[in-house]
Amino acid sequence: MLQIEILKLDDRYLEIKARGDTYTLFSPLVEYLSNDPDVEYVQFDVDHPLQENVYFKIKMRRGNPLDAVQRAVNAILSDLEELEKSFFS
């Protein structure tokens, strides 16, 4: 189970600590967010794979970081649905 702790949140910046997943969730999230022109930078670090602590940071040029994460998650889900359709159609 993924546990998320918000370390810092303001109008243009979000920093979280997540426990329970490492690369599976955050690699595609960072990739999709990197393609968002409103995102100034996005990164994640894993302190140690066995501890499963991820530190995720996003800074926006414009817009809210939570909105950007929501858009990226929706895009990932949409792409996964398309992939599933292509396999089972």
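The first residue in the sequence is number 1, and the count goes up from there.
Aromatic pair Phe44/Tyr55: ring centres not closer than 6.0 Å.
With hydrogens and angles disregarded, a donor-acceptor distance shorter than 3.5 Å links the side chain of Ser86 to the backbone of Leu83. Using a distance-only test at 3.5 Å, with no hydrogens or angles considered, a donor-acceptor pair links the side chain of Arg61 to the main chain of Pro37.
Taking CD1 from Ile16 and CD1 from Ile6, the interatomic distance works out to 7.5 Å, rounded to the nearest 0.5 Å. Between the CE atom of Met60 and the CG atom of Asp10 there is a distance of 11.5 Å, given to the nearest 0.5 Å. Atom CE of Met1 sits about 7.0 Å away from atom CD of Gln3, to the nearest 0.5 Å. Atom-to-atom distance recorded for Ile58:CD1 and Ser34:OG is 8.5 Å, nearest 0.5 angstrom. Distance check, rounded to the nearest 0.5 Å: CG of Asp45 to NZ of Lys17 gives 13.0 Å. The line from CD of Glu40 to CZ of Arg12 is 10.0 Å long, rounded to the nearest 0.5 Å.
Connection of Leu33 to Ile4 is established within a shared hydrophobic cluster, with ILVMFWY side chains joined at heavy-atom distances below 4.5 Å, either directly or through further cluster members. In terms of hydrophobic clustering, with Ile, Leu, Val, Met, Phe, Trp and Tyr side chains grouped at heavy-atom distances under 4.5 Å, Leu2 and Val46 are assigned to a common cluster. By the criterion of side-chain heavy atoms lying less than 4.5 angstrom apart, applied directly or through intervening Ile, Leu, Val, Met, Phe, Trp or Tyr residues, Leu9 is not grouped with Tyr41; the two fall into different hydrophobic clusters.
Of the residues listed (Asp38, Asp67, Asp11), the one engaging Arg62 in a salt bridge (Lys or Arg N to Asp or Glu O under 4.0 Å) is Asp38, and it is the only one.
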* Asked: Do Asp36 and Arg71 pass the side chain to side chain contact (heavy atoms under 4.5 Å, CB included) test, and can you show the C-alpha distance, the side-chain angles, and the key distance before you say yes or no?
  -> CA-CA 9 Å; Asp36 186 328; Arg71 286 192 306 269; 2.8 Å; yes
* Can you check side chain to side chain contact (heavy atoms under 4.5 Å, CB included) on Asp79 and Tyr32, steps first, answer last? -> CA-CA 11 Å; Asp79 286 352; Tyr32 278 68; 2.4 Å; yes
* **side chain to side chain contact (heavy atoms under 4.5 Å, CB included) between Val39 and Val42, worked out** => CA-CA 7 Å; Val39 173; Val42 60; 4.1 Å; yes
* Candidate pair Phe56 and Leu29, rule side chain to side chain contact (heavy atoms under 4.5 Å, CB included), full reasoning -> CA-CA 10 Å; Phe56 172 84; Leu29 184 59; 4.0 Å; yes
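At a cut-off of 3.5 Å, with distance as the only test, a side-chain donor of Asn74 or Gln70 sits close to an acceptor on the other residue. Between the side chains of Tyr13 and Glu15, at least one donor-acceptor pair of N or O atoms lies under 3.5 Å.
Here the shortest heavy-atom pairing between Pro65 and Leu14 reads CB-CB, 3.7 Å. The nearest pair of heavy atoms linking Phe26 to Ala18 is CZ-CB, 3.6 Å.
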